[in-house]
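The structure displayed is predicted, hence computed values, not measured ones.
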Amino acid sequence: MTTGLPTMHQAHLQQIECLIVLAEELHFGRTAERLGYSQSRVSQLIATLESRVGARLVARTSRRVSLTRAGAQFVKEVRPAYRTLLRTFDRARERAMRGALEELRIGFTGMVYEEITSTFRALHDLHGVAVHTHDLPLGSPFTPVLDGEVDAVIVELPVHEPELTVGFRFPAQDQFIVLSTEHPLADRNAIDLEELADLDLLHRTGDAPDYWKAARTPPVTPSGAPILSTAGITTVQQGLALAASGRHAMLACRPLTEHHARTDLRYIPVRGLEATSRLGLVWRTDHTTPALNALAELLEEAGRPRPTAAEQAAISA
């Protein structure tokens with residue numbers, strides 16, 4: 001009795017691994033050496049895989065080894081799934097060694113604040129889920145989560161990618177302009193949004209979509225005046241250093257200004273950008289897990305206003 005499954009689903013992992021290594025080496029001897037097999041074993045694995053796929057995958061002559069068109073296409077399609085499987089096994093081994101029931105890899109494009117790390121501790125205490133943080137380039141917040149390198153990211157909104165879910169939205173924050181203390185506007189208590197046209201704003205360098213970059217560094221003022229931006233940054237520290245040089249300015253949210261006090265910088269509120277910066281916990285929709293939902297719920301609970309002493313007394317009564 002047959003299962004009705006395509007024959008490709010019956011291909012053994014060893015055969016796929018062998019083809020992927022052979023595609024990199026294009027040499028049966030080197031492939032055998034890397035995998036710890038004999039050359040005859042490599043040939044056998046490739047032949048069995050070709051039989052199951054139903055197509056010639058490798059062209060071999062006395063002088064060279066190459067992939068056929070079918071082989072190159074097969075490797076291109078199967079390699080991402082193979083690498084994902086290897087990462088899954090690696091994470092399982094790491095969890096077993098640490099004794100953690102589960103783990104989440106959370107990416108950040110800035111600083112991990114204490115309010116967030118306390119929620120991570122609660123997730124471990126209540127659900128047995130360990131959180132491991134990963135620094136991401138400021139201008140590339142989505143690629144790591146889309147590629148599966150991290151399980152979720154805490155990133156500035158908006159997020160319009162159809163494959164992504166915003167599981168939690170942090171409270172909105174005011175935006176400030178970061179300037180050197182020597183800058184002509186440094187003694188101001190606030191500046192207007194239109195005055196950004198007088199500055200050279202730093203922008204995020206990376207593969208983020210244009211709509212997201214424009215939200216971080218607007219290209220024009222509300223009246224349409226162009227805003228200069230001649231330099232890009234990949235980290236917050238790089239941005240602060242360039243702003244301190246006096247040649248550039250940077251937009252930043254209130255939490256960043258509160259956690260990066262420096263004597264050579266001024267953080268000046270921008271009228272018109274009140275409550276316009278907001279972080280979100282974002283993950284791939286098709287990778288939603290109970291652990292991610294639990295983290296979102298804990299973040300929501302941590303953000304709820306706590307009752308005053310009088311309110312607590314009234315509840316107790």
Side-chain angles (χ1 to χ4, degrees), residues 106-114 116 133-144 150 153-159 170 172-280:
I106 307 295
F108 286 84
T109 57
M111 182 176 177
V112 186
Y113 302 123
E114 295 176 6
I116 298 176
T133 59
H134 297 255
D135 291 327
L136 305 178
L138 279 179
S140 301
F142 300 143
T143 298
V150 295
V153 291
I154 292 182
V155 63
E156 292 163 295
L157 303 177
V159 175
F170 291 81
Q173 301 288 341
D174 298 339
Q175 291 200 66
F176 293 69
I177 196 71
V178 184
L179 296 172
S180 164
T181 52
E182 303 299 321
H183 194 278
L185 297 179
D187 60 348
R188 299 276 293 277
N189 293 324
I191 70 169
D192 293 321
L193 191 51
E194 287 293 331
E195 292 180 281
L196 294 183
D198 300 326
L199 303 172
D200 187 349
L201 282 187
L202 295 166
H203 61 266
R204 317 301 178 81
T205 300
D207 58 10
D210 290 341
Y211 75 82
W212 187 87
K213 290 181 179 178
R216 309 280 68 77
T217 306
V220 296
T221 68
S223 69
I227 300 174
L228 187 65
S229 180
T230 63
I233 57 173
T234 58
T235 68
V236 169
Q237 294 299 336
Q238 182 186 15
L240 295 176
L242 286 173
S245 73
R247 297 188 299 274
H248 303 278
M250 181 174 72
L251 285 172
C253 63
R254 182 182 295 276
L256 187 146
T257 66
E258 293 173 346
H259 287 82
H260 289 87
R262 291 177 53 152
T263 58
D264 56 350
L265 291 174
R266 281 288 318 279
Y267 304 121
I268 304 172
V270 180
R271 287 189 286 261
L273 291 182
E274 295 85 357
T276 56
S277 176
R278 195 170 195 182
L279 292 174

Who pairs with [X] by side chain to side chain donor-acceptor pair (under 3.5 Å), at least two apart in sequence or on another chain?
X	result
Thr181	none
Gln175	Thr276
Thr235	none
Thr234	Gln238

Could you tell me which non-hydrogen atom of [X] sits nearest to which non-hydrogen atom of [Y], and how far apart they are?
X	Y	result
Ala186	Ser180	CB-O, 3.4 Å
Gly232	Thr205	CA-OG1, 3.3 Å
Ala275	Ala172	O-CB, 3.7 Å
Pro158	Tyr211	O-CE1, 3.6 Å

Run the ring-ring contact (aromatic ring centres under 6.0 Å, His included) test against His134 and tell me which residues pass, sequence neighbours left out. none
Can you tell me if Ser277 uses its side chain to pair, donor with acceptor, with the backbone of Gln173 under 3.5 Å? no
Output yes when a side-chain donor or acceptor of Tyr267 lies under 3.5 Å from a complementary backbone atom of Ala252, and no otherwise. no
Show every salt bridge (charged side-chain N to carboxylate O under 4.0 Å, His left out) that has at least one partner inside [range], sequence neighbours left out.
range	answer
residues 214-234	Glu156-Arg216
residues 224-241	none
residues 243-265	Asp174-Arg254, Arg262-Asp264

Measuring from [X]:[atom1] to [Y]:[atom2], what's the distance to the nearest 0.5 Å?
X	Y	atom1	atom2	answer
Asp207	Lys213	CG	NZ	7.0 Å
Ile268	Ile191	CD1	CD1	6.5 Å
His248	Ser229	NE2	OG	9.0 Å
Leu157	Arg278	CG	CZ	7.0 Å
Leu179	Met250	CG	CE	10.5 Å
Thr217	Ile227	OG1	CD1	9.0 Å

Where at least one partner belongs to residues 189-199, residue pairs that pass side-chain hydrogen bond (donor to acceptor under 3.5 Å, both in side chains), sequence neighbours excluded: Arg188-Glu195, Asp192-Arg271, Glu194-Thr221, Glu194-Ser223
Single hit among Val155, Ile116, Leu279 for side chain to side chain contact (heavy atoms under 4.5 Å, CB included) with Phe108: Ile116
Can you list every pair that meets ring-ring contact (aromatic ring centres under 6.0 Å, His included) and has a residue in residues 172-204, with sequence neighbours left out? none
Any side-chain heavy atom of [X] within less than 4.5 Å of one from [Y]?
X	Y	result
Val153	Thr109	no
Pro218	Leu251	yes
Leu202	Val178	no

side-chain contact (heavy atoms from CB on, under 4.5 Å) partners for Pro144, two or more places apart: Leu136, Glu149, Val150
What pairs with Thr263 under side-chain contact (heavy atoms from CB on, under 4.5 Å), at least two apart in sequence or on another chain? none
Considering residues, nucleotides and ligands other than Asp187, do more than 12 of their heavy atoms fall under 6.0 Å from its CG? yes
